[in-house]
Number of protein chains: 2
Amino acid sequence: MAKEGTSRSLGTSEVTVVDAGDCRDPFQWDLREDCEVRQILDRIADKWSLLVIALLEDRMMRFNELRREVDGISQRMLTVTLRHLERDGLVCRTVYAEVPPRVEYCLSPLGKTLLGTIQSLVDWTEEHQSEIAGARAEFDARQGAARVPASG
Amino acid sequence: MAKEGTSRSLGTSEVTVVDAGDCRDPFQWDLREDCEVRQILDRIADKWSLLVIALLEDRMMRFNELRREVDGISQRMLTVTLRHLERDGLVCRTVYAEVPPRVEYCLSPLGKTLLGTIQSLVDWTEEHQSEIAGARAEFDARQGAARVPASG
DNA sequence: CAGTATCCTTGCTGATACTG
DNA sequence: CAGTATCAGCAAGGATACTG
């Protein structure tokens with residue numbers, strides 16, 4: 001993965017460390033892009049990460065097994081996603097020196113705690129789903145009306 | 001992640017609506033990309049949305065005021081972000097017909113509920129921040145060792 | 001001040017080919 | 001089976017110029 005390799009900065013070292021004394025305000029954190037929060041958020045908001053985490057909740061799974069379940073994902077992206085998750089210590093990768101090769105992935109304890117956290121996010125979403133849908137519809141209606149006033 | 005462009009269905013109508021009855025399982029939802037959850041998640045995980053929401057927590061702010069606070073953001077992206085947030089009914093936009101023009105943004109009640117939710121996410125992050133950093137460092141160390149074995 | 005429109009770069013993502 | 005490497009496509013983000 002040459003492209004990904006380019007962005008060594010992903011989490012390597014340039015990250016600006018802020019002293020805790022500065023973090024008393026509830027939302028001071030996200031004023032900086034480099035903040036950890038952004039890193040994590042990017043991961044869970046990743047196109048596939050969430051899927052994989054969710055799938056791994058119940059059981060440990062093999063590479064192609066995950067591939068089949070997620071289905072839409074390409075081999076490359078599954079690898080990338082898994083690597084990211086592994087790097088963050090969210091999933092564990094176990095390689096069995098067998099023939100044929102077998103690699104199993106499972107959620108780490110840390111990953112499991114994240115599971116609960118994202119669930120609260122999901123709860124919020126499901127709870128306000130219709131409100132948002134309504135707001136969107138209304139907004140689109142207004143936009144449509146504003147943009148096509150003389151159509152009729 | 002589910003880019004809006006990927007599925008033009010975002011606001012239009014192609015969005016597959018899943019009935020709540022289908023979403024009982026804690027993580028059944030995220031098996032479909034089109035799920036509402038993904039939409040919302042994409043928004044709050046947006047590069048800037050979170051920033052704006054956080055800034056708007058305390059007070060209502062004007063366009064350039066937000067621009068200054070976020071700083072890294074371009075004018076275009078602030079507009080786009082604000083529009084998205086407005087469309088989702090998360091922020092309110094108030095235009096004052098004055099000279100010079102004045103537009104103020106504030107969090108909607110719905111937006112405020114989201115505030116609490118993302119906070120839990122932040123809490124998790126801050127709580128496990130060091131674990132992740134450690135995992136990353138360890139991972140990178142292993143990778144580095146594997147890739148540069150004969151350098152010394 | 002608060003946008004809108006346009007061009008350009010970046011980087012994610014997927015398809016393909018190859019390896020152990 | 002489980003990857004790795006490379007290339008091509010496209011959308012998102014950023015810079016710039018212009019407007020009300």
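Not measured: the values here are computed from a predicted model. A note on names: the letters A, B, ... follow the listed sequences, proteins ahead of strands, and every chain is numbered from 1.
The side chain of A:Val103 sits closest to D:dG3 out of C:dA2, D:dC1, D:dG3. Considering only the side chain of A:Gln75, D:dT4 comes nearest among C:dT13, D:dG13, D:dT4. Considering only side-chain atoms of A:Phe63, the nucleotide from D:dC1, D:dG3, D:dG14 that sits closest is D:dG3. With D:dA2, C:dG3, C:dC1 as the choices, the nucleotide that has an atom nearest any side-chain atom of A:Pro101 turns out to be D:dA2.
Counting non-hydrogen atoms under 4.0 angstrom, A:Tyr105 reaches the backbone sugars and phosphates but no base. Here B:Arg62 lies in heavy-atom contact (under 4.0 Å) with sugar-phosphate atoms only. When heavy atoms are screened at a 4.0 angstrom cut-off, A:Arg67 is found touching no nucleic acid atom at all.
Partners of B:Gln75 under the side chain to side chain donor-acceptor pair (under 3.5 Å) rule, at least two apart in sequence or in another chain, do not exist in this structure. Not counting sequence neighbours, A:Ser130 has no partner by the side chain to side chain donor-acceptor pair (under 3.5 Å) test. A search for salt bridge (Lys or Arg N to Asp or Glu O under 4.0 Å) contacts involving B:Glu138 returns B:Arg142, not counting sequence neighbours. With sequence neighbours excluded, no residue forms a salt bridge (Lys or Arg N to Asp or Glu O under 4.0 Å) with A:Glu127.
In this structure, CZ of B:Arg83 is placed 17 Å from C1' of D:dG13, rounded to the nearest angstrom. Note: NZ (A:Lys47) to C1' (C:dG11) measures 14 Å, nearest angstrom. When the P atom of C:dG3 is taken as reference, atom OH of B:Tyr96 falls 13 Å away, rounded to whole Å. Rounded to an integer number of Å, the gap from B:Asp42 CG to D:dA12 C1' is 12 Å. Across the protein-nucleic acid pair, B:Arg93 atom CZ and C:dC1 atom P stand 16 Å apart, rounded to whole Å. Rounded to whole Å, atom P of D:dT16 lies 17 Å from atom CE of B:Met77. Between the C1' atom of C:dG3 and the CZ atom of B:Arg102 lies a distance of 16 Å, rounded to the nearest Å. Rounded to whole Å, the distance from CZ on B:Arg76 to P on C:dC8 is 14 Å.
Of the charged side-chain nitrogens involved, none lies within less than 4.0 Å of a carboxylate oxygen, so that A:Arg136 and A:Asp140 do not count as a salt-bridged pair.
Counting heavy atoms from C-beta on, the side chains of B:Ile44 and B:Ser49 never come closer than 4.5 Å.
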So what does the secondary structure string of DNA chain C come out as, 5' to 3', with Watson-Crick or wobble pairs under 3.5 angstrom, [ ] for crossing and | for pairs with another strand? ||||||||||||||||||||
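Among residues at least two apart or in separate chains, side chain to side chain donor-acceptor pair (under 3.5 Å) pairs with a member in residues 103-114 of chain B are A:Trp124-B:Thr113, B:Arg93-B:Tyr105, B:Tyr96-B:Glu104, B:Arg102-B:Glu104.
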